Asks: 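Please read through the structure below; I'll follow up with questions.
Letters go in sequence order (proteins before strands), and every chain restarts at 1. On a predicted model such as this, the values are computed, not experimentally measured, just so you know. Atom set for the values below is all heavy atoms of this structure, side chains included, hydrogens, waters and symmetry mates excluded.
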Number of protein chains: 2
Amino acid sequence: MATTIRDVAHRAGVSIATVSRALRDATSVTPETRARVTQAAADLEYVPSQLGRQLAQGRHAANGIVFPDLSGPYYAEVVLGYESVAAQLDRSVLILSTHGRRDADTLVTGLAARCDGLVVLGPTVDDEVVHRLNRRGTPIVLVARTPLVDVDSVNAENNASGTLLGEHLVAAGARTILFVGDPEATADVAERFAAISAAAERDGASVTVEPVSDFSEEAGVHAARQALARRRTTKSLPDAFACANDELALGLMLGLRDAGLRVPEDAIVSGWDDVMAARYAGLTTVRQPMRDLGVHAAQLLDQLINRTRETPVHEVLPTELIVRQSTTPTAGGTTR
Amino acid sequence: MATTIRDVAHRAGVSIATVSRALRDATSVTPETRARVTQAAADLEYVPSQLGRQLAQGRHAANGIVFPDLSGPYYAEVVLGYESVAAQLDRSVLILSTHGRRDADTLVTGLAARCDGLVVLGPTVDDEVVHRLNRRGTPIVLVARTPLVDVDSVNAENNASGTLLGEHLVAAGARTILFVGDPEATADVAERFAAISAAAERDGASVTVEPVSDFSEEAGVHAARQALARRRTTKSLPDAFACANDELALGLMLGLRDAGLRVPEDAIVSGWDDVMAARYAGLTTVRQPMRDLGVHAAQLLDQLINRTRETPVHEVLPTELIVRQSTTPTAGGTTR
DNA sequence: CCGGTTTCTGTAACCGGTTACATCACCGTG
DNA sequence: CACGGTGATGTAACCGGTTACAGAAACCGG
């Protein structure tokens with residue numbers, strides 16, 4: 001195959017150990033030999049085999065990241081933040097998307113064997129798998145997942161923004177709020193729901209739940225139809241829809257408008273995440289520092305890999321309420 | 001560190017060669033010894049070191065992919081398609097985002113040393129780097145890039161859809177069309193521009209160019225302002241804006257509306273890519289089979305790695321014109 | 001001019017697997 | 001019963017680097 005360190009050693013007239021040293025340490029090698037080795041390496045277009053190097057050093061110099069999907073902007077941004085830090089630390093990033101794969105457990109275990117540590121993002125594998133890897137000594141950081149006591153985690157704040165959102169909805173005129181999304185699904189959603197409903201009820205509104213567990217646009221459209229169907233019997237529609245994420249909210253808005261209802265005049269709608277489309281749809285939502293989630297995760301992971309730290313850390317990053325037309329009937333105009 | 005193949009061999013009372021065989025080949029090992037080895041491996045919770053394995057086999061069992069960014073849905077989708085195929089082929093995927101890094105060349109070269117082959121996506125590194133790696137024998141597939149004769153490539157069709165789009169714009173009433181985007185920037189954009197303008201001019205419209213090279217939303221907003229500023233002197237605004245991609249188009253629409261103009265009544269707008277936000281903005285655009293680009297690239301790359309094929313292949317995947325409200329004044333209503 | 005450091009380089013043992021080849025036991029056949 | 005053939009297993013060489021240790025050369029002060 002390619003030229004090896006021995007070829008270079010031979011050409012430069014030195015031993016392989018010297019080549020190895022000359023090409024890495026500036027020190028501990030005479031400038032002359034160093035020059036000779038460098039020249040020989042250049043002549044032969046020598047590129048050190050990372051495989052040999054990694055085996056000798058006993059490290060992959062690579063980090064893994066597991067996520068459900070990259071379709072939405074959410075995980076993609078986290079991955080980008082993660083990658084940027086990893087690259088700085090001179091580590092490669094291995095990705096694994098579990099979306100729609102039943103053998104996710106196996107794949108994640110396989111990934112773990114190919115890197116020095118990994119980040120597990122969102123609903124991908126069971127906690128059981130995380131625990132197993134953790135016991136085995138694999139450095140792991142959880143992101144956007146229910147934290148486990150003995151595993152590092154990074155999450156976005158839900159409480160404060162949820163409270164703000166709840167208050168905002170009531171201030172915008174909501175009396176009956178429907179939370180769209182299953183609070184049982186994940187801890188994140190549970191927190192959002194709890195915060196929103198607590199604030200809204202404190203301010204005198206009533207909150208009910210539409211337990212949707214598939215957080216997609218289609219599910220949002222469907223939820224709208226459900227609510228409209230119920231209107232026939234109950235003669236009333238909720239005047240606000242607080243959705244567990246933006247995609248649900250966007251779908252819901254489509255569903256409402258298809259039925260001739262106007263947002264925000266006839267009903268106000270909020271989402272969560274602030275995806276790009278939310279801006280164009282004028283959707284009120286909560287922005288998460290997605291890229292920062294990735295950045296922090298990479299930093300924590302690096303500490304674990306380098307054994308700089310022993311005790312687990314659980315970070316919570318702040319979020320921000322973004323108010324747009326979908327909840328501001330007074331500001332005029334159907335969503336532009 | 002962890003338990004090695006020698007520990008297992010010792011416990012099972014066999015040689016390491018036998019362990020190696022027993023754990024991979026079903027054949028060439030007695031069922032009894034096989035069972036004994038398997039048991040020993042299980043007892044010791046043995047996980048084969050991928051490093052050792054990779055070095056011995058002389059392959060990384062990993063593919064790389066280089067892209068500018070994951071922020072838009074475009075590259076993310078390609079990456080997903082790529083990853084899905086790679087996973088099936090039991091190969092890991094290493095990612096590298098070059099966005100805003102000046103040392104992209106070095107990083108890509110480094111990446112190439114860590115995998116068996118790689119895909120280079122969009123405007124990331126110079127052709128010169130690609131050529132160098134190619135000469136060195138690294139299997140490479142280019143995606144969404146100007147093809148090079150001796151390197152595999154996968155691209156989306158621009159001509160047919162561009163023609164359709166050009167015709168559609170004129171049919172929608174466009175007489176004066178402004179192409180927003182720099183045709184000199186990339187071959188892709190050049191093709192789109194050529195097809196659109198040829199068709200439009202054939203049908204009697206005139207086409208001018210606003211050579212924007214930053215394909216961002218902000219650039220779109222800016223382009224709108226430019227056009228509006230020019231209106232003061234020329235007393236006229238183009239009645240159609242054909243943008244090089246969706247983000248430009250979305251920004252442009254924002255810019256026009258901020259100035260009180262209605263889309264599509266006062267001017268029609270088209271994009272290219274069909275990002276998610278395009279749907280919510282009602283933007284007419286051209287949909288590319290992004291995921292398929294990734295899938296095909298992974299397949300081509302696999303052929304290169306396994307030396308199944310010698311001669312370079314250049315694939316062109318079909319695209320589709322998606323007509324929405326931004327170019328259909330008759331269909332009524334400002335974008336919903 | 002000598003002994004003791006210091007500095008540079010080479011030898012060889014790793015890292016943890018795979019695999020060519022040798023070995024050996026056992027089989028059926030003439 | 002001797003012999004060639006077959007199939008299971010062990011031995012050891014490799015993959016391509018890193019690095020502990022040893023040895024040699026150069027340098028130092030007394």
Asks: A:Arg6 CZ to D:dC14 C1': how many Å, rounded?
Replies: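 It works out to 10 Å between those atoms.
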Asks: Testing B:Thr124, B:Thr186, B:Asp188 for side chain to side chain contact (heavy atoms under 4.5 Å, CB included) with B:Arg145, which one passes?
Replies: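 Only one of B:Thr124, B:Thr186, B:Asp188 forms a side chain to side chain contact (heavy atoms under 4.5 Å, CB included) with B:Arg145, namely B:Thr124.
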Asks: To the nearest Å, how far apart are B:Gln54 CD and C:dC15 C1'?
Replies: 13 Å
Asks: Mind calculating the distance between NE2 (B:His10) and C1' (C:dG16) to the nearest angstrom?
Replies: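 The distance from NE2 of B:His10 to C1' of C:dG16 comes to 17 Å, rounded to the nearest Å.
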Asks: Less than 4.0 angstrom between a side-chain N/O of A:Thr18 and OP1 or OP2 of C:dG10, yes or no?
Replies: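 Yes, such a contact exists.
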Asks: Tell me: CG of B:Leu23 to C1' of C:dG16, nearest whole Å?
Replies: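 Distance check: B:Leu23 CG to C:dG16 C1' gives 13 Å.
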Asks: Start with the C-alpha gap between A:Ser216 and A:Asp214, add the side-chain angles, then the distance that decides, and say whether side chain to side chain donor-acceptor pair (under 3.5 Å) holds.
Replies: CA-CA 6 Å; A:Ser216 68; A:Asp214 169 27; 3.0 Å; yes
Asks: Looking at CD1 of B:Ile95 and CG of A:Leu80, how far apart are the two atoms once the value is rounded to the nearest 0.5 Å?
Replies: 7.5 Å
Asks: Please tabulate the protein-to-nucleotide N/O contacts below 3.5 Å involving nucleotides 23-27 of chain C, giving atom names and distances.
Replies:
none

Asks: What is the distance from CZ of B:Arg114 to C1' of D:dG16, rounded to the nearest Å?
Replies: 15 Å
Asks: Heavy atoms under 4.0 Å, any strand shown: does A:Leu55 hit a base, just sugar-phosphate, or nothing?
Replies: base
Asks: Considering only side-chain heavy atoms of A:Arg24, which listed nucleotide, C:dG17, D:dA12, D:dT18, is closest?
Replies: D:dT18
Asks: At 4.0 Å (heavy atoms only), tell me whether A:Thr30 reaches a base, stays on the sugar-phosphate, or touches nothing.
Replies: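 If one applies the 4.0 Å heavy-atom cut-off, A:Thr30 turns out to touch the sugar-phosphate alone, with no base involved.
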Asks: Test for a donor-acceptor pair under 3.5 Å between the base of D:dG16 and the side chain of A:Arg53, counting only N and O atoms.
Replies: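 Not at all, since no donor on one side and acceptor on the other fall under 3.5 Å apart.
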Asks: Could you check how far CD of B:Glu32 sits from C1' of D:dT9, rounded to whole Å?
Replies: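 Distance, rounded to whole Å: 13 Å.
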Asks: Considering non-hydrogen atoms only, spot the tightest contact between A:Ala187 and A:Thr146 and give its length.
Replies: CB-OG1, 3.2 Å
Asks: Which atom names give the shortest non-hydrogen contact between A:His314 and A:Ser153, and what distance separates them?
Replies: ND1-OG, 2.8 Å
Asks: Between P on C:dC14 and CG on A:Leu51, what's the gap in Å once rounded to a whole number?
Replies: 22 Å
Asks: Which sits closer to the 5' end of DNA chain D, A:Ala56 or B:Arg34, going by the nucleotide each is nearest to?
Replies: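 Per heavy-atom nearest nucleotide, the more 5' residue is B:Arg34.
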Asks: Whether A:Thr33 contacts C:dC8 is assessed here as follows: a side-chain N or O lying under 4.0 Å from the phosphate OP1 or OP2. Is that the case?
Replies: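 For C:dC8, neither OP1 nor OP2 has a side-chain N or O of A:Thr33 closer than 4.0 Å.
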Asks: From the options D:dG10, C:dG16, D:dT18, select the nucleotide whose nearest atom is closest to the side chain of B:Ala17.
Replies: D:dG10
Asks: Applying side chain to side chain contact (heavy atoms under 4.5 Å, CB included), run through A:Gln288 and A:Glu77 and close with a yes or a no.
Replies: CA-CA 10 Å; A:Gln288 303 194 40; A:Glu77 284 291 325; over 6 Å; no
Asks: Roughly how far apart are B:Gln299 CD and B:Asp302 CG, rounded to 0.5 Å?
Replies: 8.5 Å
Asks: Checking side-chain polar atoms at under 3.5 Å, does A:Thr109 have a donor or acceptor matched by the opposite partner on A:Thr106?
Replies: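 Checked: A:Thr109/A:Thr106 side chains show no N/O donor-acceptor pair below 3.5 Å.
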Asks: In this structure, how many angstroms lie between the C1' atom of D:dT19 and the CZ atom of A:Arg21, rounded?
Replies: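 It works out to 8 Å between those atoms.
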Asks: Can you tell which of C:dT11, D:dG17, D:dA12 lies closest to the side chain of A:Ser15?
Replies: C:dT11
Asks: Choose from D:dG16, C:dT18, C:dT9 the nucleotide whose nearest atom is closest to any side-chain atom of B:Ile5.
Replies: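 The closest nucleotide is C:dT18.
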